[in-house]
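Sequence lines set the chain letters: A, B, ... in the order given, protein chains first and strands last, and positions in each chain run from 1.
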Amino acid sequence: MDRVPILQIGDVLLVSIQVDLQDQSVLNLQEDLAERISATGASGVVIDISAVEIVDSFIGRMFATIASLSQLFDADTVVVGMRPAVAITLVELGLTLGNVRTALDLDRGIKILRVLHERRRGLPGTGHAASTLGLR
Amino acid sequence: MNHAVRETQQMDIRIDSDVVRVRQVVRECAQRVKLSLVDQTKLVTAASELARNTLLHGGGGHATIELVHDGRRSGVKATFRDEGPGIPDIALALVDGWTSGSGLGLGLSGSRRLVDEFDLASQPGKGTNVTVVKWAR
Amino acid sequence: MPANADRAHRLSGLLADNAGTLLQRWVQLAGAELQGRLTVAELERDLRELLDTLLPVAGRQAADVRTGADFTELNTVLTELSRRRARQNLTPTETASSVFALKQAVFELTEQDDDPALFRELITFSSLLDSLGLLTFEAYTRAREEVINEQEVQLLELTTPVVKIWEGVLAVPLVGTLDSGRTQVVMEKLLQSLVDTGSEHAIIDITGVLAVDTQVAQHLLKTVVAARLMGAECTISGIRPQIAQTIVALGIEFGDITTKATLADALRHALRSDGLSVVRRDQVGA
């Protein structure tokens, strides 16, 4: 069974999905991530799906689940790199990702996490950061 | 849905990894009939939903993937069969959000929107048969 | 192998023995039909290729043309020839006449002969050529359809450019009548451009759109939602009063989608959410 590796960069956990996920791997990933967030006290999770060719309802639900999970540990989740064909299909399928945040690429995803993190901690300059959330 | 069949592939859906295999075979077929990238993705996603239904709700079954032609266009036809409990109310099952328990209830209704032709036949206690076709534009 | 392979097929032999003169006469006859629309060299090359693949199957029945395995090569050559003719803007009649001209050449070759067996073979061969002529018609039509489809795609590309109007801001000005197919193509192109250019803002300007129906409105909405899933923001601008009325009358929910009156407003909105504002130079620091 493929297990998706979870990398740590600073206080962010990075999951880059490179294989065609079967349902059990999806469940394993959710489990592994919950453990890692709890163990590391990470402030955010980035899920890179730029290599993923299809997202069906099962995989789509994983994003929402991970986002809810990470919230319990005071961490945010960003899904980055969704392909246009995947996005169009998800919309047609009728699947919404709930309050999962998205970004075009890894770089922007990490920036969003930083802004969210600062806002959460109420650091100076928060007002401006909040208004430019998700943007450069 | 009587279309000339060019090629047929049969596969069992017994375990989790079979769903992934169905996705791969369907994608390969979709590429061969030159579906656009978006249409490929839609068809593979629909096949993934239906294969999972066969496994989870039908207790396993078979998939038949065919390359078809209707004289004008080429397409891919995928049929999913199981001998599971069946669906008591088909009309209800095709409503968004209807679910037999697990899942979001988008499997059937969602996949219908992703394909060009959709045919669902089910008899309670006997099983379910879902056929979908996607044509190259 | 054909059933008559064991007994000698006189016509096949005759054609093979006289292939050179036959080709010359064929080129002459076909050339007359085309009235100089192709060069003799070009025509000769095409017909030589055709004759070379036709000779081995000259004794077969017309019914075999579509199904016979040994006709594959001939079919390919003929299809290719018809496609070339279609793209050279020759008429289907001119294309098929090239094939039928061979009949005349063959009749001239055999008219001195009064062997009844040869005559029967000649009739079979003639209907074989008829079938091949029909085949060119079909291939020709298909090739023309392909040309039309290609032109449609090209037209679509030309009429729906995705333009970069600012760093990170793309715009698609839509003009004319939107149908569901066209809207879908635009949507895919726009989303792909967002990825390719790394832009986080897209503006769909529908100032030039004459009418919007439910399906088109749905496609526009789906584009906005899909863009959001990818991490970009999409604004719709230039909704004209009549279209606004249609949208309300159709009961289409635009929900939390950003709409702006003009493209300029949409650009200003995109810049502002990037933390940029446009100010007159003499007001800076005033």
### Part of R112(B) lying under 4.5 Å from any heavy atom of chain A
neither
### Query
By a 4.5 Å heavy-atom criterion (distance strictly below it), what part of V19(B) contacts chain A: side chain, backbone, both, or neither?
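Nothing of V19(B), per the 4.5 Å heavy-atom cut-off to chain A.
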### Query
Do the charged groups of D20(A) and R23(B) touch, with an N to O distance under 4.0 Å?
yes
Short side-chain donor-acceptor distance under 3.5 Å, [Y] and [X]:
X: S16(A); Y: Q18(A); value: yes
X: T89(A); Y: T45(B); value: no
X: Q24(A); Y: N28(A); value: yes

### Task
With a 4.5 Å cut-off on heavy-atom pairs, point out which of V20(B), T41(B), L37(B) contacts chain A the most.
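Top count of heavy-atom pairs under 4.5 Å with chain A: T41(B).
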